[in-house]
Amino acid sequence: MTELAAAGIPVTVTCRVLKLSRQLYYRWLADPITPSEVVEAYRANALFDARQDDPEFGHRLLADEARDAGEGMSDRTAWRIASQNGWFSAFGKSKRGKARRPGPPVHDDLCAVVDENGMTRHVFDSDAPNELWLTDITEHKTAWIPVVVATRALRRF
């Protein structure tokens with residue numbers, strides 16, 4: 001943008017074409033690289049050098065190697081930098097639990113009724129009070145998305 005401004009193209013037009021804010025451009029122009037970005041770049045370079053020596057290392061061993069090289073950081077910081085750059089250990093955890101199918105239900109579905117078309121429906125009627133209980137588990141989150149409606153019916157004996 002600086003070259004375009006020197007060539008006579010207004011910064012306003014360039015920012016509009018590139019869909020950037022003028023305010024952010026001028027803020028970056030005043031201080032293009034923050035001190036925290038410089039520190040993180042040195043840390044990333046130390047982790048990269050340690051990884052070049054032995055790519056099987058995980059983030060904890062990479063952090064130890066970087067500390068020995070004089071670039072101190074926590075294991076969590078090393079994990080964040082390594083995961084942002086896609087540097088993973090050759091020996092990862094197994095993906096054993098990801099592809100399994102769910103097993104049989106742990107209880108009988110006493111409200112399920114099969115209609116004349118072969119479709120399973122649920123009938124939530126009871127003959128007396130305190131025979132049929134319904135539970136709503138919408139407050140439990142699964143996979144970053146809250147469960148909208150999950151209902152389980154139980155009969156008391």
Side-chain angles (χ1 to χ4, degrees), residues 1-112 119-122 124 132-154:
M1 283 171 99
T2 308
E3 293 90 12
L4 292 173
I9 299 173
V11 173
T12 307
V13 174
T14 307
C15 288
R16 190 177 331 125
V17 169
L18 295 176
K19 295 182 180 176
L20 296 174
S21 169
R22 273 187 324 138
Q23 179 183 11
L24 292 178
Y25 167 69
Y26 285 118
R27 187 182 301 162
W28 174 83
L29 196 58
D31 190 21
I33 299 173
T34 63
S36 63
E37 290 174 337
V38 172
V39 170
E40 185 155 338
Y42 279 117
R43 289 176 175 173
N45 285 338
L47 290 175
F48 181 77
D49 292 341
R51 189 171 187 280
Q52 291 295 77
D53 294 338
D54 198 358
E56 285 85 20
F57 281 177
H59 71 276
R60 289 182 185 93
L61 292 174
L62 289 177
D64 291 341
E65 291 289 321
R67 280 188 217 109
D68 292 342
E71 195 60 49
M73 71 185 88
S74 68
D75 288 345
R76 175 72 178 160
T77 302
W79 172 84
R80 181 178 47 80
I81 293 171
S83 65
Q84 284 174 350
N85 290 305
W87 302 333
F88 299 106
S89 172
F91 306 108
K93 293 182 180 178
S94 65
K95 308 278 191 265
R96 186 174 56 113
K98 303 279 184 193
R100 284 196 218 159
R101 293 186 178 266
V106 295
H107 60 83
D108 295 333
D109 192 358
L110 301 175
C111 295
M119 299 291 292
T120 302
R121 296 183 309 115
H122 288 88
F124 300 108
L132 181 66
W133 288 30
L134 300 176
T135 304
D136 184 19
I137 59 168
T138 55
E139 72 273 6
H140 299 289
K141 295 184 178 186
T142 59
W144 300 94
I145 300 170
V147 177
V148 178
V149 175
T151 306
R152 180 173 52 172
L154 302 172

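All residue numbers in this chain count up from 1 along the given sequence. What you see below is based on every heavy atom in this structure, not just the backbone, and it leaves out hydrogens, waters and symmetry mates.
- Looking at every heavy atom in both residues, F124 comes nearest to C111 through CD2-SG, 4.1 Å.
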Please list, one pair per line, the donor and acceptor atoms closer than 3.5 Å that link side chains of residues 64-79 to other protein atoms, with sequence neighbours excluded.
residue: D64; atom: OD1; partner: R67; partner atom: NH1; Å: 2.6
residue: R67; atom: NE; partner: M73; partner atom: O; Å: 2.9
residue: R67; atom: NH2; partner: M73; partner atom: O; Å: 3.0
residue: R67; atom: NH2; partner: D75; partner atom: OD1; Å: 2.8
residue: S74; atom: OG; partner: T77; partner atom: N; Å: 3.2
residue: S74; atom: OG; partner: T77; partner atom: OG1; Å: 3.0

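- For Y25, the OH atom counts as densely surrounded, since its 6.0 Å shell holds more than 12 non-hydrogen atoms of other residues, nucleotides or ligands.
- Here the closest heavy-atom approach between residue A63 and residue L47 is recorded as N-CD2, 3.9 Å.
- Residues passing the side-chain hydrogen bond (donor to acceptor under 3.5 Å, both in side chains) test with T12: none are found, sequence neighbours excluded.
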List the atom pairs, donor and acceptor, that lie under 3.5 Å between side-chain atoms in residues 26-33 and the rest of the protein, sequence neighbours left out.
residue: W28; atom: NE1; partner: P32; partner atom: O; Å: 3.2

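- Taken from CZ in R51 to CG in L61, the straight-line distance is 13.0 Å, to the nearest 0.5 Å.
- The 12-atom threshold is not exceeded at OH of Y42, counting heavy atoms of other residues, nucleotides or ligands nearer than 6.0 Å.
- To the nearest 0.5 Å, the span separating OG1 on T14 from CZ on R16 amounts to 9.5 Å.
- For the pair A44 and W87, the tightest heavy-atom approach, listed with the atom from each and the gap, is O-CH2, 3.6 Å.
- Shortest non-hydrogen contact noted between R22 and C15 is CG-SG, 3.8 Å.
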